[in-house]
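As structure tokens, the structure follows; a few thoughts come after it.
The structure presented is a predicted model; accordingly, all values stated were derived computationally and were not measured. All chains are named by letter (A, B, ...) in the order of the sequence lines, taking the proteins before the strands, and each is independently numbered beginning at 1.
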Amino acid sequence: MLERKVQTRREGLPELPNLNGRKPVLRFAPNPNGPLSFGHSRGLVINGQYAKDLGGELILRFDDTDTTVKPPMLEAYESIPVQQEWLCGFSAHRIVIASERMQEYHDYAELMIKGEFGYVCTCSADEFREFRVSKTECPCRGNDVAKNLEGWKMMNDPAGYQSGDAVLRVKTDMTLKNPALRDWPAARIQTNPHPRVGNKWRVWPLLDFQSAVEDYLQKVTHIIRGKDLMDSTRKQTLLYEHFGWEYPETIYWGRVKVHEFGAFSTSQMKKDIAEGNFDGWDDPRLPTLSALSRRGIRPESLRAFWIELGLTQKDIAVPLSTLYSHNTKVIDPNAPRLAFVRDAFPVVLKGNFPKTGSISSHSDTEMKPRNYSIDEGVWIEEDDSGRPIRLKDLCDIDADGNVESIDRSDKRSVVHWVAGGKPSTLTIVNGQNIETIEGILEDNEYSVGTIVQLERIGYAIIEENGLLMVHD
RNA sequence: GCUCGUAUAGUGUAGUGGCCCAUCAUGAAGGCCUCUCGAGCCUUCGACCCGGGUUCAAAUCCCGGUACGAGCACCA
């Protein structure tokens with residue numbers, strides 16, 4: 001007999017390339033212009049998991065150098081580290097705030113000018129675009145170091161250049177094949193005050209420069225990020241070559257689209273919340289981490305989800321049900337069963353049956369059973385009425401409520417029921433629609449935040465004012 | 001337009017020249033279970049974008065095509 005060899009399937013994340021025995025230093029760098037969202041969780045999970053698995057370090061870096069287009073939100077500096085720890089299961093080894101590192105960036109900007117690979121450019125954005133397209137050097141490019149230092153001084157002087165008058169550029173090569181790389185801008189003037197450092201600085205670095213310098217200073221070994229930043233890598237590599245530094249190993253992932261979440265941007269959400277279209281950042285319709293947490297999505301589930309997707313550069317569309325199936329595995333073992341009867345329909349039971357008793361709260365665990373006490377009838381869902389049914393763990397009845405058997409006597413459908421109970425509501429979020437269902441909830445003593453399984457409906461989390469559907 | 005990247009079942013994913021008539025998960029369908037439209041267990045369904053080339057041998061390497069995506073911001 002030939003023995004069929006079993007293929008070995010790689011588990012978890014792929015090996016980190018070019019590690020060479022080092023402990024990896026990774027970073028996750030969100031813009032603190034709002035709290036973290038589902039989209040951010042990938043970077044946190046992947047970078048965090050590598051750091052954890054390989055005994056390395058995770059740097060949480062606030063890239064808050066834009067005060068105009070994406071102004072920083074002060075609360076985010078507090079909430080992001082909390083959410084990072086919630087998601088990763090450990091707190092970041094280092095926290096770096098770009099706006100507090102400005103002196104470093106200015107120092108390197110000056111070094112760049114003095115090293116003759118940076119220059120102050122006073123062309124307008126439109127003018128430069130034409131130079132870029134036509135592979136032509138702009139007139140500022142030929143200025144000498146002294147002239148550039150003078151320009152740099154004027155950029156930093158409130159009485160000098162104004163916002164839009166001048167930028168600092170990295171000298172690459174205007175004939176480079178990729179137009180994105182031609183003499184890219186490193187810093188610009190911004191006069192809006194920064195919520196943390198006010199008007200202390202006038203010239204702010206752009207992402208590619210700030211990030212490149214900071215990765216060098218923090219000795220980052222591996223950068224794992226979206227492939228939309230591939231050209232960033234190329235730009236930054238050119239800068240590293242000028243400085244004589246070695247660029248970190250870089251890995252990319254593709255775009256992930258979750259249909260149910262649609263297109264949300266932090267700034268749009270901020271606006272919608274301000275206008276009252278959403279209750280807050282944890283409105284269950286939003287794809288923020290606080291909303292997901294409120295909806296009963298566990299961090300372990302998010303981690304399993306992203307690790308399973310891995311690090312391919314493919315652009316993918318994933319249904320939320322994939323995340324839910326991971327979540328089910330996490331929450332089911334601890335989710336007590338409870339009955340919630342929608343569109344409650346009263347049934348008077350005629351015949352003999354045990355008026356009191358207890359039912360298992362979870363067939364697979366040793367969870368404390370639930371007790372019931374029936375006066376003369378029970379609530380069932382209207383859809384279940386008018387036909388012979390089996391009241392789960394109680395008895396078989398006919399369409400009129402006559403008890404036919406205590407033991408299960410045939411294959412009629414098993415339905416859930418409530419004796420007593422209290423009116424409650426179940427809120428279901430489906431994309432941007434929110435639906436509230438009235439019903440009778442079995443008596444229980446579970447606290448707010450407990451995830452239960454509503455029999456035949458799905459998982460729900462107990463909130464102050466009712467139940468919020470987790471998923472089915 | 002220029003530049004860069006990706007292409008394995010419905011959806012994701014493993015696979016880096018022979019262990020592959022292709023992995024695992026999810027999904028769908030069916031079944032089991034002294035009792036949920038849940039969990040668990042079992043069975044079934046289902047894929048290497050197209051065309052060339054290299055090779056004894058290609059999902060895997062090369063070329064071309066096609067499709068999709070991203071960048072070309074004084075955003076991150």
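Using atom P as the reference point in both B:G51 and B:A70, the two lie 28 Å apart (nearest Å). Here the separation of B:C61 from B:G18, taken at their C1' atoms, is 14 Å to the nearest Å. Straight-line distance between the C1' atoms of B:A47 and B:A59: roughly 10 Å, to the nearest whole Å. Rounded to the nearest Å, the gap between the P atom of B:C24 and that of B:C42 is 12 Å. Of the P atoms belonging to B:A9 and B:C50, the separation is 10 Å, rounded to the nearest Å. As rounded to the nearest Å, B:U26 and B:C49 have P atoms that lie 24 Å from one another. When the P atom is used for both B:G38 and B:U13, the distance is 27 Å, rounded to whole Å. Separation of the C1' atoms belonging to B:C33 and B:C37 is 16 Å when rounded to the nearest angstrom.
Using N1 to N3 plus N6-O4 or O6-N4 for Watson-Crick, or N1-O2 and O6-N3 for G-U wobble, each under 3.5 Å, B:C37 pairs with nothing. Here B:U13 sits opposite no nucleotide as a Watson-Crick or G-U wobble pair (both hydrogen-bonding atom distances under 3.5 Å). When both distances must be under 3.5 Å, the Watson-Crick or G-U wobble mate of B:G18 is B:C56. Of all nucleotides present, only B:U43 satisfies the Watson-Crick or G-U wobble test against B:A29, with each distance under 3.5 Å. Nucleotide B:C48: unpaired (no Watson-Crick or G-U wobble partner with both distances less than 3.5 Å). In this structure B:G69 sits in a base pair with B:C4, meeting the Watson-Crick or G-U test at under 3.5 Å.
The residue A:Asp63 sits close only to the backbone: its heavy atoms come under 4.0 Å of sugar-phosphate atoms, none of a base. Contact annotation for A:Ser163: no contact, since no heavy-atom pair falls under 4.0 Å across all strands. Among the atoms of the strands shown, base atoms are found under 4.0 Å from some heavy atom of A:Leu207. Contact annotation for A:Cys395: no contact, since no heavy-atom pair falls under 4.0 Å across all strands. Base engagement by A:Gln453 is indicated by at least one non-hydrogen atom pair under 4.0 Å involving a base atom. A:Ile457 comes within contact range of no nucleotide atom at all, as no heavy-atom separation falls under 4.0 Å. Note on A:Ser211: nothing from the nucleic acid sits closer than 4.0 angstrom, heavy atoms only. A:Gly310 comes within contact range of no nucleotide atom at all, as no heavy-atom separation falls under 4.0 Å. Residue contacts shown for A:Asp393 include a base, since a base heavy atom lies under 4.0 Å away. As judged by a 4.0 angstrom heavy-atom cut-off over every strand, A:Phe128 is placed among residues making no nucleic acid contact. Across all strands, A:Arg390 comes closer than 4.0 Å to base atoms (heavy-atom distances).
When the side-chain nitrogen and oxygen atoms of A:Lys329 are compared with OP1 and OP2 of B:U26, one or more of them lie within a distance under 4.0 Å. Residue A:Arg342 places none of its side-chain N or O atoms closer than 4.0 Å to OP1 or OP2 of B:C37. Residue A:Thr322 places none of its side-chain N or O atoms closer than 4.0 Å to OP1 or OP2 of B:G27. Between A:Lys314 and B:U13 there is a side-chain polar atom (N or O) within less than 4.0 angstrom of OP1 or OP2. Neither OP1 nor OP2 of B:C4 sits under 4.0 Å from any side-chain N or O of A:Arg234. OP1 or OP2 of B:C4 lies within a sub-4.0 Å distance of a side-chain N or O belonging to A:Lys177.
No donor-acceptor pair under 3.5 Å is formed between the side chain of A:Asn18 and the backbone N or O of A:Glu249. Between the side chain of A:Asn143 and the backbone N or O of A:Lys147, no donor-acceptor pair lies under 3.5 Å. Side chain of A:Gln84 to main chain of A:Ala92: a donor-acceptor pair is present (N/O by atom type, distance under 3.5 Å, no hydrogens or angles).
Both A:His362 and A:Arg182 lie close to RNA chain B; mapped to their nearest nucleotides by heavy-atom distance, the more 5′-ward contact belongs to A:Arg182. Residue A:Asn178 is the one, among A:Ser321 and A:Asn178, whose nearest nucleotide of RNA chain B lies closer to the 5' end (criterion: closest heavy atom).
Here A:Asp183 pairs with A:Arg141 in a salt bridge; the nearest charged N to carboxylate O distance falls below 4.0 Å. Note on A:Glu455 versus A:Arg337: no salt bridge recorded, every NZ/NE/NH1/NH2 to OD/OE distance being 4.0 Å or above. A salt bridge links A:Asp215 with A:Arg61; the closest basic N to acidic carboxylate O contact falls under 4.0 Å.
Minimum atom distance to the side chain of A:Thr312 is reached by B:U13, of the listed B:C74, B:U13, B:U3. The nucleotide whose nearest atom lies closest to any side-chain atom of A:Lys70 is, among B:C75, B:A39, B:G69, B:C75. In the set B:U11, B:U3, B:U26, B:U11 carries the atom at the smallest distance from any side-chain atom of A:Pro319. Between B:A76, B:G38, B:G71, one nucleotide has an atom nearer to the side chain of A:Ser363 than all others, and that is B:G38. For A:Arg255, taking side-chain heavy atoms from C-beta onward, the closest of the listed nucleotides B:U3, B:C74, B:A70 is B:A70. Comparing B:G5, B:A76, B:C74 by their nearest atom to the side chain of A:Asp66 picks out B:A76. Of the candidate nucleotides B:G12, B:A76, B:A7, B:G12 has the atom nearest to the side chain of A:Ala317. Listed nucleotides B:G12, B:U36, B:A76 differ in distance to A:Ile316; the shortest reach to its side chain belongs to B:G12. Considering only side-chain atoms of A:Thr65, the nucleotide from B:G69, B:A76, B:C74 that sits closest is B:A76.
For the pair A:Arg196 and A:Tyr77, the cation-pi criterion (under 6.0 Å, within 45° of the ring axis) is fulfilled.
For the pair A:Leu229 CG and B:C72 C1', the interatomic distance rounds to 14 Å; values are reported in whole Å. The separation between A:Asp231 atom CG and B:G69 atom C1' is 13 Å, rounded to whole Å. Here B:C24 presents its C1' atom at 14 Å from CG of A:Leu309, a figure rounded to the nearest Å. Atom NZ in A:Lys392 sits roughly 6 Å away from atom P in B:U36 (whole-Å rounding). One atom, NE2 of A:His326, and another, C1' of B:C24, lie 11 Å apart when rounded to the nearest Å. If you measure from atom CD of A:Glu15 to atom P of B:U16, you get 13 Å, rounded to the nearest angstrom. Rounded to whole angstrom, the span from the CD atom of A:Glu127 across to the P atom of B:C74 amounts to 13 Å. Rounding to whole angstrom units, CG of residue A:Leu181 and C1' of B:U3 are separated by 8 Å.
A:His326 approaches A:Ala304 most closely through the heavy-atom pair ND1-CB, 3.6 Å.
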Under the criterion ring-ring contact (aromatic ring centres under 6.0 Å, His included), I'd like the reasoning laid out for A:Tyr372 against A:Trp417: C-alpha separation, chi angles, the key distance, then a yes or no.
CA-CA 11 Å; A:Tyr372 70 87; A:Trp417 50 273; 5.3 Å; yes
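Note that CG of A:Leu338 is 10.0 Å distant from CD1 of A:Ile457, once rounded to the nearest 0.5 Å.
Between the side chain of A:Arg337 and the base of B:G38, a donor-acceptor pair under 3.5 Å is found.
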